[in-house]
*Asks:* 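Below is one structure. I have some questions about it.
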Amino acid sequence: MKRALLLIATAILAMAWTASAYAQAIPLLVSVKKNENTESTTHNSTSYYGYTYSSKSGVQTLSYTVDIMNASTGTVSALQIRWSVVLREPGGGKLRLVEGKKNTDLARGQKYTFTTDVIELGQFYQSSWGGSSRSGNAEVLGYLVEVVVDGNVAASAAQPMNIRGKVNEAREAANQKRHRF
């Protein structure tokens, strides 16, 4: 009886190790491109006295384009792509985390591309009369993209390389139960 239980336990451990080794051995290529944009609108006006002036307002945005390529010899099913962007609020404020997930299957040699959510970093206003204002821009600390197969991370991309700690710190800050002001 003990021998049968030992054999079953050994088989279960071997299957778990094989699944983990399989996920780590899948050759998936991950590349990430940063997309920064300034969306602006210009307004021209003439005053009652005939003076012409213009003003410009807008918002600065950020997103990332993520490419995942299957470089293996077969189809990889049930991929989950998790992405996180860590930001610091203007003025050295608290950490903020923007996250998302995508699910897909990839045939041999197939590439999957998507763009993350658009993040507004800050707004601005400028006037030809000399007035200008800008709300503080959030500071982008980095990103983390993980490709998960069978519950194990098979590939990842991070900028900077130590961003995982900041991601965890931002998650903990978002889940805190005590709030100080």
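Only heavy atoms go into these numbers, but all of them, side chains included; no hydrogens, no water, no symmetry mates. The structure presented is a predicted model; accordingly, all values stated were derived computationally and were not measured.
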*Asks:* Is there a donor-acceptor pair closer than 3.5 Å between any side-chain N or O of E169 and the backbone N or O of K166?
*Replies:*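 Checked: no pair found.
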*Asks:* With rounding to the nearest 0.5 angstrom, report the CG to CD1 distance, D150 to I26.
*Replies:*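 Atom-to-atom, D150:CG and I26:CD1 are 7.0 Å apart.
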*Asks:* Looking at side-chain heavy atoms only, is the closest gap between T113 and T65 below 4.5 Å?
*Replies:*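 Side-chain contact under 4.5 Å: yes.
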*Asks:* How close do L79 and D105 get, heavy atom to heavy atom, and via which atoms?
*Replies:*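 Minimum heavy-atom separation between L79 and D105: N-OD1, 4.4 Å.
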*Asks:* Looking at A138 and P90, what are the two nearest heavy atoms and their distance?
*Replies:*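 Taking A138 first and P90 second, the nearest heavy atoms are N-CG, 4.0 Å.
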*Asks:* So which residues get pulled into V59's cluster when ILVMFWY side chains under 4.5 Å apart are joined, directly or through others?
*Replies:*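 Result for V59 is none, singleton.
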*Asks:* Quick one: list whatever passes side chain to side chain contact (heavy atoms under 4.5 Å, CB included) with N37, sequence neighbours left out.
*Replies:*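 N37: side chain to side chain contact (heavy atoms under 4.5 Å, CB included) contacts with E39, T61.
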*Asks:* Going by ring-ring contact (aromatic ring centres under 6.0 Å, His included), name the pairs with one or both residues in residues 145-171, residues two or more places apart or in two chains.
*Replies:*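 Every candidate ring-ring contact (aromatic ring centres under 6.0 Å, His included) pair involving residues 145-171 fails, so no pair, neighbours aside, qualifies.
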*Asks:* Atom CD1 of I68 and atom CZ of F114: how far apart are they, to the nearest 0.5 Å?
*Replies:*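 Here the rounded value is 6.0 Å.
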*Asks:* Other members of the hydrophobic cluster containing M69, with the 4.5 Å side-chain heavy-atom rule, please.
*Replies:*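 M69 shares its hydrophobic cluster with L29.
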*Asks:* Can you tell me how far the NZ atom of K111 sits from the CG atom of D67, to the nearest 0.5 Å?
*Replies:*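 Reported to 0.5 Å precision, the distance equals 4.0 Å.
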*Asks:* If you take all heavy atoms of V30 and A155, which pair is closest and at what distance?
*Replies:*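 Distance-wise, the nearest heavy atoms are CG2-CB, 3.8 Å.
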*Asks:* If I compare all heavy atoms of P160 with all of G142, which pair ends up nearest, and what's the gap?
*Replies:*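 So the two residues come closest at CD-CA, 4.0 Å.
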*Asks:* Among E120, Q123, Q60, find the one that has a side-chain hydrogen bond (donor to acceptor under 3.5 Å, both in side chains) with N137.
*Replies:*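 Result: among E120, Q123, Q60, Q60 is the only option passing the side-chain hydrogen bond (donor to acceptor under 3.5 Å, both in side chains) with N137.
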*Asks:* Could you please spell out the steps behind the side-chain contact (heavy atoms from CB on, under 4.5 Å) verdict for Y143 and V32?
*Replies:* CA-CA 9 Å; Y143 66 82; V32 180; 3.6 Å; yes
*Asks:* Step by step, work out the side-chain contact (heavy atoms from CB on, under 4.5 Å) result for V149 and V76.
*Replies:* CA-CA 8 Å; V149 178; V76 181; 4.2 Å; yes
*Asks:* Please enumerate all residues that pass side chain to side chain donor-acceptor pair (under 3.5 Å) together with S63, with sequence neighbours excluded.
*Replies:*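 S63: side chain to side chain donor-acceptor pair (under 3.5 Å) contacts with N35.
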*Asks:* Taking side chain to side chain donor-acceptor pair (under 3.5 Å) as the definition, give me every residue that meets it alongside T38, ordered by chain and number, with sequence neighbours left out.
*Replies:*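 Result, side chain to side chain donor-acceptor pair (under 3.5 Å) vs T38: none returned.
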*Asks:* If a pair satisfies side chain to side chain donor-acceptor pair (under 3.5 Å) and one of its residues is in residues 79-103, list it, with sequence neighbours excluded.
*Replies:*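 Residue pairs with at least one partner in residues 79-103: R82-E146, S84-E99, E89-R96, E99-R171.
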*Asks:* Give me the atom names and distance for the closest heavy-atom approach of A158 to L144.
*Replies:*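 Closest pair (atom of A158, atom of L144, distance): CB-CD1, 3.9 Å.
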*Asks:* For T104, give me all partners under side chain to side chain donor-acceptor pair (under 3.5 Å), at least two apart in sequence or on another chain.
*Replies:*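 By the side chain to side chain donor-acceptor pair (under 3.5 Å) rule, T104 matches no residue at all.
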*Asks:* Apply side chain to side chain contact (heavy atoms under 4.5 Å, CB included) to R108 and list each qualifying residue two or more places apart in sequence or on a separate chain.
*Replies:*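 Here no residue qualifies.
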*Asks:* If you measure from CD on E172 to CG on L95, what distance do you get to the nearest 0.5 Å?
*Replies:*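 If I round to the nearest 0.5 Å, the distance is 10.5 Å.
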*Asks:* Could you pull out the closest heavy-atom pair between N70 and L106, with the gap in Å?
*Replies:*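 Closest heavy-atom pair between N70 and L106: ND2-O, 3.0 Å.
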